Number of protein chains: 2
Amino acid sequence: MLFNAIRDIAVYEIGDVQVENKEISQAVIGRLPRYFRFLGELKDEGIERISSQELSDIMQVTASQIRQDFNNFGGFGQQGYGYKVEYLYEEIGKILGLYKTHNLIIIGAGNLGQALANYMNFERRGFLFKGIFDNNPELLGKKIRNMEVKSMDEMETFVRENDIDIAVLTIPKASAAEVAEKLVDIGIRGIWNFAHVDLSVPRGIQVENVHLSDSLMKLAYNINQFENGG
Amino acid sequence: MLFNAIRDIAVYEIGDVQVENKEISQAVIGRLPRYFRFLGELKDEGIERISSQELSDIMQVTASQIRQDFNNFGGFGQQGYGYKVEYLYEEIGKILGLYKTHNLIIIGAGNLGQALANYMNFERRGFLFKGIFDNNPELLGKKIRNMEVKSMDEMETFVRENDIDIAVLTIPKASAAEVAEKLVDIGIRGIWNFAHVDLSVPRGIQVENVHLSDSLMKLAYNINQFENGG
DNA sequence: AAGGGAATGTCAATGAATTGACATTATTTT
DNA sequence: AAAATAATGTCAATTCATTGACATTCCCTT
């Protein structure tokens, strides 16, 4: 049982259309990083084994959900015993694709772009910061984390030559759509979008939005709601 | 119909426990900022009226969901006519609490904290940047957006004297829990948490997490998933 | 002023996600 | 080695969210 592979992502042909079985819901995917984080901490504390019930107590989700979630990938536990922390941690990391490296560039060297470049704690998770681009002539050549800000004109060549698969968009909304389209054309696979617009991209290109102001508005709602007796 | 108030958030007494009726689900709340954004853009384009079907086409959600969502708050439309863009925009803004001002401070003047301070486009939504704090002696007194970085020792007095209700946490995870606890003690109402930990706070204190690395991991999963024929 | 048409508000049906229950299977103890 | 114990994997039940359908209401035209 310990070595169940990721199972049942069988692909059937129905008529002309390819349909995949057992697509994992985004609700489940969205929880994986949190599992990963808690398991990493447990591992660092030297804890070797854990039951879904214990994890439930720590993480404040039901034990049933934990087991259900892991079972989407075949189950990583041993009945009567529980889960081996390190093994589970590794497996979730694999599912998340953290053992492959991803080369990323940042588009937009403003405050946020610079902060993300420096913040990049992400390196140890396989996300390698390869370059940062901006159109503002004042920023060109400026060193950010030992990397000179490059002109957007160089972007295309750079992406092709350096096998970049992720672009971080930290530019104003006005130009975001246009830049995203270009990035897709030159072969990017995923966009981490901090611009406050919805990007429309072809199927197969992944977009993950971080809409900070949406998040702040949600906070405001919940504060007011509570204050008004909700 | 145009002036339906937010209705039915009646509060009943059942035994000793206060239970509120019609709590709006977080799924709905999470969509409000996006509605707000699209309506703002429509308004800026000078569009005065819109039907749920038209909005559905633009936003790529079902018309049914749009109507259902708005009806959680009593409905803002007129049958046979649709919704008045400006009115709807205003009402959603009110629901989100954007016409009250919120005074916020940033805890942690590192890259991200500084970026958020400068980024603060949020001002026009009523989120007023009042101060930034850090323990690093090298940062003390540094000017960030015309505001000197203050020592964390000054935090308590400052919060009380300046009616601060939101704290933005951009400090390392190690100290986040401790600082959060202190913030709660001195009367903060909401925490916008960028630290990579789950904060445990008393009921009534709102926490909105922005776990950037979780978001990036999700992106990685979806990229890999697609590449492996998912 | 009255009637036709349009689009909301709302109810019912469906679908998705979460929780609960337990049979099964591995581990541990005796 | 066998029995007792523990905790998973999984199925069923429930709850929550989304979609569909349509009666009702209001606007707009004639």
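The sequence lines fix the lettering, A, B, ..., with proteins before strands; numbering per chain opens at 1. Only heavy atoms go into these numbers, but all of them, side chains included; no hydrogens, no water, no symmetry mates. Owing to the predicted nature of the structure, the values given are computational and were not obtained by experimental measurement.
- Between A/Phe127 and A/His102, the ring-plane angle classifies as parallel under the 30° and 60° cut-offs.
- In this entry the distance linking CG of B/Leu55 with C1' of C/dT8 reads 14 Å, nearest Å.
- Side-chain contact annotation: B/Asn193 with B/Asn209, donor-acceptor N/O pair under 3.5 Å present.
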Show, in sequence, the C-alpha distance, side-chain angles and deciding distance for B/Gln53 and B/Asp57, and conclude whether the side chain to side chain donor-acceptor pair (under 3.5 Å) test is met. CA-CA 6 Å; B/Gln53 187 52 59; B/Asp57 295 339; 3.2 Å; yes

Return a single string for nucleotides 15-21 of chain D, one symbol per nucleotide in 5' to 3' order, where B is base contact, S is sugar-phosphate-only contact and - is none, cutoff 4.0 angstrom on heavy atoms. --SSBBB

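- Between the CG atom of A/Leu32 and the C1' atom of C/dA17 there is a distance of 15 Å, given to the nearest Å.
- Spacing between atom CD1 of A/Ile24 and atom P of C/dA16 amounts to 14 Å, rounded to whole angstrom units.
- Using a 4.0 Å cut-off, some side-chain N or O of B/Gln78 falls inside it from OP1 or OP2 of D/dC27.
- Rounded to whole Å, the distance from OH on A/Tyr81 to C1' on D/dA7 is 12 Å.
- In this structure, B/Glu86 places its CD atom where only 12 or fewer heavy-atom neighbours from other residues, nucleotides or ligands lie under 6.0 Å away.
- In this structure, B/Phe73 atom CZ and C/dG9 atom P are separated by 13 Å, rounded to whole Å.
- The CD atom of B/Gln79 sits 4 Å away from the C1' atom of D/dT25 (whole-angstrom rounding).
- Only A/Ser51, A/Ser52, listed by number, bring a heavy atom of residues 39-54 of chain A to less than 4.0 angstrom from any atom of DNA chain D.
- Between A/Phe76 and A/Phe70, the two ring planes are tilted [angle within 30° to 60°].
- Going from atom CZ of A/Phe70 over to atom P of D/dT8 covers 10 Å, rounded to whole Å.
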Could you walk me through whether B/Ser51 and B/Glu54 satisfy the side chain to side chain donor-acceptor pair (under 3.5 Å) test, starting with their C-alpha distance in whole Å, then the side-chain angles of each, then the deciding distance to 0.1 Å, before giving a yes or no? CA-CA 5 Å; B/Ser51 69; B/Glu54 291 167 307; 3.3 Å; yes

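- We find that NZ of A/Lys84 is positioned 14 Å from P of D/dT8, with the value rounded to whole Å.
- Residue A/Glu178 places its CD atom among 12 or fewer non-hydrogen atoms of other residues, nucleotides or ligands, all under 6.0 Å distant.
- At the heavy-atom level, A/Tyr83 lies under 4.0 Å from the strands shown only through sugar-phosphate atoms.
- When the shell of 6.0 Å around CD of B/Gln26 is examined, it contains more than 12 heavy atoms from other residues, nucleotides or ligands.
- Residues A/Phe122 and A/Trp192 place their aromatic rings such that the two centres sit under 6.0 Å apart.
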